[in-house]
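Notes follow the structure.
Since the structure is predicted, the reported quantities are computational estimates derived from the model, not experimental observations. The basis for the numbers below is simple: all heavy atoms, side chains too, and nothing from hydrogens, waters or symmetry mates.
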Amino acid sequence: MTEVVSISLENEMDLVLAHKRSMKVAEKLGLTIATQTTFATAVSEVARAIIEYTDNGTLTISIEQNKTRYALKANVIFNTEIKLTAGDEGFYYAQKLVPEFELTGQNGGYVIDMKLGLPRSLKLDAVKIGILRKFFHEELPLNAYEEIKRRNSHLHKLTAEQEEELRRTKLIDEKKTEFISIASHELKTPLTVLKAFTQMAKTTKEPVSDRLRGVLNKIDLQSNKLNSLVQQLLDISRAENGNLHYAMQQVKLNSFIADQLAVMQSIMPNHTINSALGEDIDVMIDILRMEQVFSNLLGNAAKYSRTNTSVEVSSGLNSEGHITISIKDQGIGMSADTMTSIFDKFYRAEDVSKTHAGLGMGLYITSKIVTDHGGKIWVESKENEGSTFHFSLPNCEVA
């Protein structure tokens, strides 16, 4: 069966469309004027009756092949709580006009099929039917009402497609988050055991060669890196599920920053960290989570900068009375397009992914932590001129 025309039956304006389109299909097939009128009248009678009962009908006119014969078919689908029979007015008159009429229905849903056998003299085939279908697909609207109707139908279709795409995207994200959570928890156990055995081997009283001790140190270092990745995966899973918990406490910001810079300087021996901190204020933070923020931002500053360059850390109160912390590097910088996506989950710039390892999780988690602290995070950067990451935190006195 090949669909040629489809019309929704919502109001009396659709009766005009149903009649004219039925006539046009019959005309393009080469049927006589009398047959055209008969078929279109039968369709109109049914459409009129349905619009009296409901506004959710759909009329489809198609060509159906039965072995070597073809038939012109009008199919109407609609829903109504009113119990209907083929003897009802409208349906009764339509039956008098077409050779085949069938009404079926169950639980408020009804289907009406009307068929009109087409003479073999028309010499229909798949090619001619395809041309007919294309003609109606490309034909201009009959009037302003049909044009608006087509536009609305197109918009509804786009909306439905977008909703389905959103549903599928949400489902994929949920499955991915579930996988990340399960995989991360499963990895934690063997990692903990591996680190424990490494520590036992390093602290044994039995003689250990320098070469073996060096190997153990490398195993320990890589275990720490892997543990950090697993922790980031767990954090993403918790953030997605709204389970990223915080233990907030009031601290002096400058002392906290100074401690973080001292720790990071030992981790970044090939870079110099300079600081210019402003007024020392009290902030409410989760110390462990805020350590992650500094570790991620300072770690990235070193990662994407040449050795023996400096990283500048500064702070100061903004116009809202919140404190802004800035971390400036002399690294490779980033493009405008990259800056718009840099805090997205798993985002990795194409050029960077080829030269620097990573999963694109650190800045996503960082932005989540800062936002959950009531702050904001943003970046300023130019390619080959370095980047400056800024984030703000509420001042306890102002808050």
Side-chain angles (χ1 to χ4, degrees), residues 1-52 54-78 86 88-103 110-154 157:
M1 185 168 63
T2 303
E3 179 183 311
V4 179
V5 171
S6 181
I7 301 170
S8 61
L9 302 176
E10 303 168 32
N11 56 62
E12 292 187 356
M13 294 287 288
D14 294 315
L15 286 177
V16 178
L17 292 181
H19 184 271
K20 287 188 175 182
R21 286 303 182 194
S22 301
M23 284 284 290
K24 193 72 172 180
V25 173
E27 177 191 341
K28 296 298 291 184
L29 283 169
L31 298 176
T32 64
I33 294 177
T35 305
Q36 295 172 28
T37 304
T38 300
F39 178 72
T41 303
V43 171
S44 297
E45 288 294 324
V46 169
R48 188 187 308 278
I50 288 171
I51 290 172
E52 290 181 4
T54 183
D55 61 356
N56 59 39
T58 301
L59 165 67
T60 303
I61 300 174
S62 56
I63 306 297
E64 184 179 77
Q65 183 178 15
N66 184 12
K67 296 182 180 179
T68 60
R69 288 292 302 272
Y70 288 91
L72 178 59
K73 179 178 179 179
N75 171 268
V76 183
I77 301 174
F78 63 101
D88 289 327
E89 188 178 0
F91 303 155
Y92 175 79
Y93 291 115
Q95 292 177 73
K96 300 294 184 180
L97 296 170
V98 290
E100 295 184 49
F101 182 99
E102 182 181 16
L103 183 148
Y110 290 90
V111 177
I112 293 176
D113 285 319
M114 294 179 284
K115 291 183 185 180
L116 180 66
L118 297 174
R120 288 192 173 90
S121 60
L122 297 179
K123 297 181 180 180
L124 285 179
D125 56 28
V127 174
K128 289 183 179 180
I129 294 172
I131 293 172
L132 180 71
R133 186 174 185 275
K134 183 180 180 183
F135 171 83
F136 284 99
H137 179 73
E138 297 177 350
E139 189 183 27
L140 295 175
L142 291 173
N143 50 37
Y145 173 72
E146 187 177 23
E147 183 176 0
I148 294 171
K149 193 177 180 72
R150 286 186 183 182
R151 289 181 180 178
N152 287 341
S153 177
H154 180 65
K157 183 179 179 182

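- Within the 4.5 Å cutoff, no side-chain heavy atoms of V43 are placed close to those of V76.
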Quiz item: Given S62 and N75, is the side-chain contact (heavy atoms from CB on, under 4.5 Å) satisfied, shown in steps?
Solution: CA-CA 8 Å; S62 56; N75 171 268; 5.8 Å; no
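- Note that CG of N56 and CD1 of I51 are 11.0 Å apart. Values are rounded to the nearest 0.5 Å.
- For the pair A49 and F91, the tightest heavy-atom approach, listed with the atom from each and the gap, is CB-CE2, 3.8 Å.
- At least one side-chain heavy atom of L29 sits less than 4.5 Å from a side-chain heavy atom of I63.
- K28 forms no cation-pi arrangement with F136, by the criterion of a distance under 6.0 Å to the ring centre and an angle within 45° of the ring axis.
- Contacts of S44 classified as side chain to side chain contact (heavy atoms under 4.5 Å, CB included), with partners at least two apart in sequence or in another chain: H19.
- E27 contributes atom CD, which lies 13.0 Å from atom OG1 of T35 (distance to the nearest 0.5 angstrom).
- K149 is linked by a side chain to side chain contact (heavy atoms under 4.5 Å, CB included) to I7, S8, E10, D14, L17, Y145, counting only residues two or more places apart in sequence or in another chain.
- Residue Y92 qualifies as open at atom OH: its count of foreign heavy atoms under 6.0 Å is 12 or below.
- No side-chain heavy atom of F39 sits under 4.5 Å from any side-chain heavy atom of V25.
- Between F78 and Y110, the ring planes lie parallel to each other; the angle is under 30°, not in the 30° to 60° tilted range.
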Quiz item: Between T58 and L9, is a side-chain contact (heavy atoms from CB on, under 4.5 Å) present by the stated rule, with each step listed?
Solution: CA-CA 6 Å; T58 301; L9 302 176; over 6 Å; no
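- Take T2 and apply the side-chain hydrogen bond (donor to acceptor under 3.5 Å, both in side chains) test, not counting sequence neighbours, and it matches no residue.
- We find the CD1-NZ distance between I61 and K24 to be 13.0 Å, quoted to the nearest 0.5 Å.
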Quiz item: Between F101 and V46, does a side-chain contact (heavy atoms from CB on, under 4.5 Å) hold up when you go through it step by step?
Solution: CA-CA 11 Å; F101 182 99; V46 169; 4.0 Å; yes
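- The nearest pair of heavy atoms linking V98 to K115 is CB-O, 4.1 Å.
- Rounding to the nearest 0.5 angstrom, the gap separating the CG atom in L103 from the CE atom in M114 is 10.5 Å.
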Quiz item: Would R150 and E146 satisfy salt bridge (charged side-chain N to carboxylate O under 4.0 Å, His left out), going step by step from the backbone distance to the final call?
Solution: CA-CA 6 Å; R150 286 186 183 182; E146 187 177 23; 3.7 Å; yes
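- Side-chain atoms of R133 come within 3.5 Å of backbone atoms of E3 as a donor-acceptor pair (strictly under, hydrogens ignored).
- Within the 4.5 Å cutoff, the side chain of K73 has heavy atoms near those of the D113 side chain.
- The two atoms that bring S6 and T60 nearest to each other are OG-OG1, 3.9 Å, heavy atoms only.
- In this structure, CG in N11 is found 9.0 Å from CG in D55, a value given to the nearest 0.5 Å.
- Residue K123 comes nearest to K128 through the heavy atom pair O-NZ, 3.0 Å, listed as atom of the first residue, atom of the second, then distance.
- A18 and A47 make their closest contact through CB-CB, 4.5 Å (heavy atoms, listed as atom of the first residue, atom of the second, distance).
- The salt bridge (Lys or Arg N to Asp or Glu O under 4.0 Å) search around E139 returns R21, not counting sequence neighbours.
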Practice problem: Report the C-alpha separation of L31 and L118 in whole Å, then their side-chain angles, then the decisive distance to 0.1 Å, and conclude whether the side-chain contact (heavy atoms from CB on, under 4.5 Å) test is met. | Solution: CA-CA 8 Å; L31 298 176; L118 297 174; 3.8 Å; yes
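- Partners of K134 under the side chain to side chain contact (heavy atoms under 4.5 Å, CB included) rule, at least two apart in sequence or in another chain, are E138.
- Going from atom NE2 of H137 over to atom CG of L132 covers 13.5 Å, rounded to the nearest 0.5 Å.
- E147 is linked by a salt bridge (Lys or Arg N to Asp or Glu O under 4.0 Å) to R151, counting only residues two or more places apart in sequence or in another chain.
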